[in-house]
Asks: 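I'd like to ask some things about the structure below.
As the structure lists them, so they are numbered: ligands from 1, and atoms in each ligand from 1. Keep in mind that what you see is a predicted model, and the values were worked out from it rather than measured. Numbers here are sequence positions counted from 1.
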Amino acid sequence: MDTSTTTDTDFEQDVREGLTAFPKFLYSKYIYDAKGDALFQQIMDLPEYYLTNCELEIFQTQTAEITAHFKGNGQGFDLIELGAGDGKKTKILLKHMQEMGYDFVYKPVDISSNAIADLSASLQGELPLVETDPEVGEYFEVLDRLKAFDKRKKVIMMLGSNIGNLLHKRAIAFLSRMQESMNPEDQLFMGFDQTKDPQVVLDAYNDPTGVTAAFNLNLLHRINRELGGNFAVDKFKHWEVYDPETGTAKSYLLATEAMEVHIGALDLKIRFDQWETIHTEISQKYTDTVVDWIAGEAGLERIATFKDSRNYYKNYLFKK
Ligand code: AVI
């Protein structure tokens with residue numbers, strides 16, 4: 001998930017910083033170029049990647065309960081979805097709310113104009129009666145503007161456990177910004193993947209077909225493509241670890257042999273020892289206790305919880 005707007009200069013600076021650090025790291029937001037987006041779509045269809053189906057199950061089985069919270073006192077509201085993707089899960093809620101005659105506007109927000117154009121076209125075809133007001137823009141820029149100019153209740157939605165790609169400190173900062181952009185009657189509805197049998201988590205991030213490995217390795221391809229790098233990508237190996245004590249899944253790229261890599265645009269040579277790591281992503285798994293802690297630190301209070309039948313995944317509703 002990309003939660004901020006980035007420029008080429010950010011990419012160059014971050015690659016330089018990450019690959020000259022010890023231990024080496026790269027930010028996972030850079031996985032998502034057009035190829036990375038396509039690979040993530042494939043990940044969401046993998047049987048091992050349970051997150052998508054769990055959230056879909058919650059939406060399918062608890063549609064009325066979830067949307068009744070959104071409706072509240074029935075004054076009408078804007079449903080703002082940050083990083084809406086293909087909207088598959090959200091359409092379940094939209095269809096129900098439209099059939100029930102709820103007064104709402106659906107406002108998907110994404111920094112990718114392509115994503116917004118595809119979603120708008122599919123909504124027009126599938127749910128033409130739902131009033132939709134898509135926006136291309138950076139999340140907080142859109143939310144702050146809405147706070148100032150739109151006095152209707154807002155329900156802000158962020159699905160897919162995207163928050164899990166942030167370490168707790170950054171997750172708290174992100175939720176605090178979210179809280180600041182809310183009026184007192186607004187709500188925040190978010191997905192948080194839960195702690196579970198560690199093997200289930202490891203399998204989700206290490207599928208046998210190698211899609212997740214290709215997704216992770218896309219970082220190196222992207223550096224080669226955009227920054228004139230000469231990474232021998234086939235000499236790197238995707239590696240996943242999960243620490244059940246902290247609930248943190250971590251992705252790495254391992255250099256399978258010692259090598260030197262040159263990145264033209266940075267005029268930079270980087271040495272790798274054999275089996276040296278590049279840390280590329282965290283995918284945090286949560287408990288209610290941890291969610292209440294980070295939400296509380298951000299000035300948010302949990303007011304409802306929806307879970308799937310296996311307790312793998314939860315959607316929480318917060319108010320400020
Ligand atoms: C987008 N994000 C929530 C995914 C996750 O589960 O951390 C990204 C992902 N990385 C590997 N597989 C999926």
Asks: List every atom of ligand 1 that sits less than 4.0 Å from any heavy atom of Tyr32, numbering the atoms from 1 in the order shown and giving each element.
Replies: 1 (C), 8 (C)
Asks: Do Lys196's NZ or CZ and the ring of Tyr242 fall within the cation-pi criteria of under 6.0 Å and 45°?
Replies: no
Asks: Could you verify whether a donor N or O on one side chain and an acceptor N or O on the other, from Gln41 and Asp45, lie under 3.5 Å apart?
Replies: no
Asks: Compute the shortest N/O to N/O distance between Asn165 and ligand 1 and return yes if it is under 3.5 Å, no if not.
Replies: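 Yes.
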Asks: Give the numbers and elements of all ligand 1 atoms closer than 4.0 Å to a heavy atom of Tyr49.
Replies: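 With Tyr49 as reference, the close atoms of ligand 1 come out as 4 (C), 5 (C), 6 (O), 12 (N), 13 (C).
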Asks: Within a strict 4.5 Å, meaning less than it, do heavy atoms of the Pro23 and His279 side chains meet?
Replies: no
Asks: Between Tyr205 and ligand 1, is there a nitrogen or oxygen pair with a distance under 3.5 Å?
Replies: yes
Asks: So is Ser161 touching ligand 1 or not, going by heavy atoms under 4.0 Å?
Replies: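 The answer is yes, since Ser161 has a heavy atom less than 4.0 Å from ligand 1.
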Asks: Students often mix this up, so state it plainly: with edges at 30° and 60°, are the rings of Tyr49 and Phe40 parallel, tilted or perpendicular?
Replies: perpendicular
Asks: Within the 4.0 Å heavy-atom shell around Ile43, which atoms of ligand 1 are there?
Replies: 12 (N), 13 (C)
Asks: Between Asn216 and Thr280, is any side-chain donor less than 3.5 angstrom from a side-chain acceptor?
Replies: yes
Asks: Closer than 4.0 Å to some heavy atom of Gly160 - which atoms of ligand 1 meet that?
Replies: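 The atoms of ligand 1 under 4.0 Å from a heavy atom of Gly160 are 3 (C).
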Asks: Can you classify the ring geometry of Tyr286 versus Phe192 as parallel (below 30°), tilted (30 to 60°) or perpendicular (above 60°)?
Replies: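 Geometry flag for Phe192 against Tyr286: perpendicular rings.
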Asks: Indicate yes or no: does an N/O atom of Ser283 lie under 3.5 Å from an N/O atom of ligand 1?
Replies: yes
Asks: If you group Ile, Leu, Val, Met, Phe, Trp and Tyr by side-chain heavy-atom gaps below 4.5 Å, do Leu167 and Trp293 land in one group?
Replies: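 Unlinked, Leu167 and Trp293 end up in two clusters.
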Asks: Can you list the ligand 1 atoms lying under 4.0 Å from a non-hydrogen atom of Glu281?
Replies: 8 (C), 9 (C), 10 (N), 11 (C)
